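Because only heavy atoms are used, hydrogens play no part in the values below, and waters and symmetry mates are left out as well, while side chains stay in. Keep in mind the model is a prediction, meaning the values are calculated, not measured.
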Amino acid sequence: MKKVQFIIISTILSFGLIVSAALIANAIDKTNKLDNRITVKGVAEKRIKSDKALIKIIISDKDENLDNLKKEIDGKEKVIIEKLKNLKISENDYNIENLKIQPNYDKTKEKTSQNEEASILANRILDYDGQEIISIVTGDIDKVKGFYENLLELKLQMENIEITKPEYVITNIEKYKKDLLIDATKNAEYRAIQMLKVNGNEINGLKNMTQGQFELLKDNEDILNKDDEQQNQIYKKCV
């Protein structure tokens with residue numbers, strides 16, 4: 001019986017934020033008979049639940065009078081903050097960005113005489129666009145969907161307001177990487193043993209091991225949300 005050294009390439013498949021773990025085996029990449037070595041690729045994946053969520057409330061408005069524009073947006077902000085208080089969202093869980101003002105200038109040409117137009121545009125401001133963003137970041141993942149649905153009611157009370165769909169992220173991915181790497185390595189070793197058994201050989205030892213990269217992919221196990229974009233899914237697949 002010939003003893004063969006093997007090389008492991010551990011690729012961790014991360015389907016972000018998922019709780020149950022599963023192993024996926026990839027085929028053997030190559031066999032080097034002359035050197036009595038084989039290279040095997042092991043793959044592991046883990047379903048992980050997100051630990052943070054982001055919802056943005058975007059207030060926008062337009063007015064010819066700058067002071068009136070500021071008052072209008074400030075009034076909407078007060079209504080939104082009251083809504084957040086009613087939902088028991090802590091002040092530490094949301095941030096109000098500074099109001100952004102964009103003036104809109106007159107694009108018509110000034111006439112210098114009855115028969116001649118100047119090429120210089122007029123500097124007169126027609127009106128102002130204003131935008132303010134309130135960002136909600138919370139770790140209370142199980143309540144986020146309810147927060148979002150309640151916040152949508154604001155669109156019935158006010159015009160020119162946008163509520164973005166919740167975006168879910170995994171901020172603690174590092175704590176899962178070790179287990180994923182171990183599972184991928186075990187999977188690669190198992191595939192190597194099974195392949196060598198066919199030829200009546202056995203493993204002599206590990207020659208080299210290379211770690212692949214971690215990726216967050218869509219969670220297709222969640223039937224209700226499988227059509228959502230990856231960033232809008234609570235669970236993700238780590239590969």
Side-chain angles (χ1 to χ4, degrees), residues 14-19 46-104 127-177 214-220 222 224-239:
S14 293
F15 269 37
L17 311 177
I18 307 169
V19 179
K46 193 175 185 68
R47 192 171 184 256
I48 308 169
K49 187 177 182 179
S50 301
D51 59 297
K52 290 289 183 182
L54 167 67
I55 300 175
K56 287 186 178 183
I57 304 172
I58 304 170
I59 310 168
S60 59
D61 218 317
K62 180 190 289 286
D63 202 296
E64 295 179 1
N65 185 285
L66 183 56
D67 290 334
N68 290 343
L69 175 64
K70 291 179 179 179
K71 289 178 182 178
E72 183 68 24
I73 292 181
D74 185 61
K76 291 179 179 179
E77 178 192 311
K78 286 181 170 61
V79 174
I80 293 170
I81 297 304
E82 188 63 31
K83 184 74 170 178
L84 297 182
K85 289 180 180 178
N86 292 337
L87 292 174
K88 301 188 184 306
I89 296 177
S90 168
E91 291 184 7
N92 296 325
D93 287 343
Y94 66 83
N95 175 65
I96 304 174
E97 296 183 11
N98 292 331
L99 174 62
K100 296 178 181 178
I101 302 292
Q102 175 62 50
N104 299 310
D127 51 30
Y128 301 89
D129 288 323
Q131 184 183 85
E132 183 176 277
I133 299 176
I134 300 175
S135 300
I136 303 169
V137 179
T138 178
D140 206 347
I141 299 299
D142 294 330
K143 293 183 179 180
V144 172
K145 184 177 180 181
F147 289 158
Y148 174 66
E149 291 174 349
N150 276 278
L151 289 171
L152 287 177
E153 296 175 0
L154 292 168
K155 300 184 74 171
L156 301 176
Q157 301 174 244
M158 298 176 286
E159 295 181 346
N160 301 320
I161 184 171
E162 179 185 352
I163 317 290
T164 65
K165 290 186 67 174
E167 293 185 17
Y168 299 93
V169 296
I170 306 173
T171 62
N172 56 350
I173 189 65
E174 288 297 325
K175 76 176 186 179
Y176 299 104
K177 286 185 177 181
F214 296 85
E215 293 183 77
L216 292 180
L217 307 176
K218 286 190 64 175
D219 172 33
N220 293 319
D222 186 350
L224 294 177
N225 301 295
K226 67 182 181 64
D227 293 329
D228 288 343
E229 295 296 326
Q230 186 256 93
Q231 67 266 22
N232 301 124
Q233 292 183 316
I234 294 179
Y235 288 91
K236 306 178 194 299
K237 215 165 191 179
C238 184
V239 178

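In summary, of the residues considered (Val169, Val144, Val137, Thr164), a side chain to side chain contact (heavy atoms under 4.5 Å, CB included) with Leu54 occurs for Val137 alone. Exactly one of Glu72, Lys76, Lys78 qualifies for a side chain to side chain contact (heavy atoms under 4.5 Å, CB included) with Asp74. That residue is Lys78. Considering Asn150, Asp93, Ile89 in turn, Ile89 is the only one that fulfils the side chain to side chain contact (heavy atoms under 4.5 Å, CB included) rule with Leu84.
No more than 12 heavy-atom neighbours from other residues, nucleotides or ligands sit within 6.0 angstrom of CG on Asn98. Within 6.0 Å of atom CD in Glu97, more than 12 heavy atoms from other residues, nucleotides or ligands are found, so the atom counts as buried in its surroundings.
Taking NZ of Lys177 as the reference point, atom CG of Asn172 lies at 11.5 Å (rounded to 0.5 Å). For the atom pair CD1 (Ile133) and OG (Ser60), the distance works out to 10.0 Å, reported to the nearest 0.5 Å. Ile136 CD1 to Leu87 CG: the interatomic distance, rounded to the nearest 0.5 Å, is 8.0 Å. Atom-to-atom distance recorded for Ile57:CD1 and Ile161:CD1 is 6.0 Å, nearest 0.5 angstrom. We find the CG-OH distance between Asn68 and Tyr128 to be 11.5 Å, quoted to the nearest 0.5 Å. For the atom pair Tyr168 OH and Asp51 CG, the distance stands at 12.5 Å (nearest 0.5 Å).
Using a distance-only test at 3.5 Å, with no hydrogens or angles considered, no donor-acceptor pair links the side chain of Asp61 to the main chain of Ile73. Although no hydrogens or angles enter the test, the distance criterion places no donor-acceptor pair under 3.5 Å between the side chain of Asn95 and the main chain of Ile134.
Taking each heavy atom of Asn65 and Asp63 in turn, the nearest pair found is N-OD1, 2.8 Å. Shown here for Tyr176 and Lys46, the closest heavy-atom pair between the two residues is CD2-CE, 3.6 Å. Residues Glu132 and Glu77 approach most closely at OE2-OE1, 2.7 Å, considering heavy atoms. The shortest heavy-atom contact between Thr138 and Ile141 is O-CD1, 4.2 Å. In plain terms, the two heavy atoms of Leu151 and Lys83 that are nearest each other are CD2-CG, 4.1 Å. Between Gln131 and Leu99, the closest heavy-atom pair is O-CD1, 3.5 Å.
Proximity of Ile234 to Lys49: side-chain heavy atoms (C-beta onward) are separated by under 4.5 Å at one or more points. In this structure the side chain of Asn104 reaches within 4.5 angstrom of the side chain of Lys62, judged on heavy atoms.
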side-chain contact (heavy atoms from CB on, under 4.5 Å) evaluation trace for Ile80 with Met158: CA-CA 10 Å; Ile80 293 170; Met158 298 176 286; 3.9 Å; yes
Glu229 and Lys165: CA distance, side-chain angles, deciding distance, salt bridge (Lys or Arg N to Asp or Glu O under 4.0 Å) verdict: CA-CA 10 Å; Glu229 295 296 326; Lys165 290 186 67 174; over 6 Å; no
Residues Ile81, Ile96; criterion side-chain contact (heavy atoms from CB on, under 4.5 Å); working and verdict: CA-CA 10 Å; Ile81 297 304; Ile96 304 174; 3.7 Å; yes
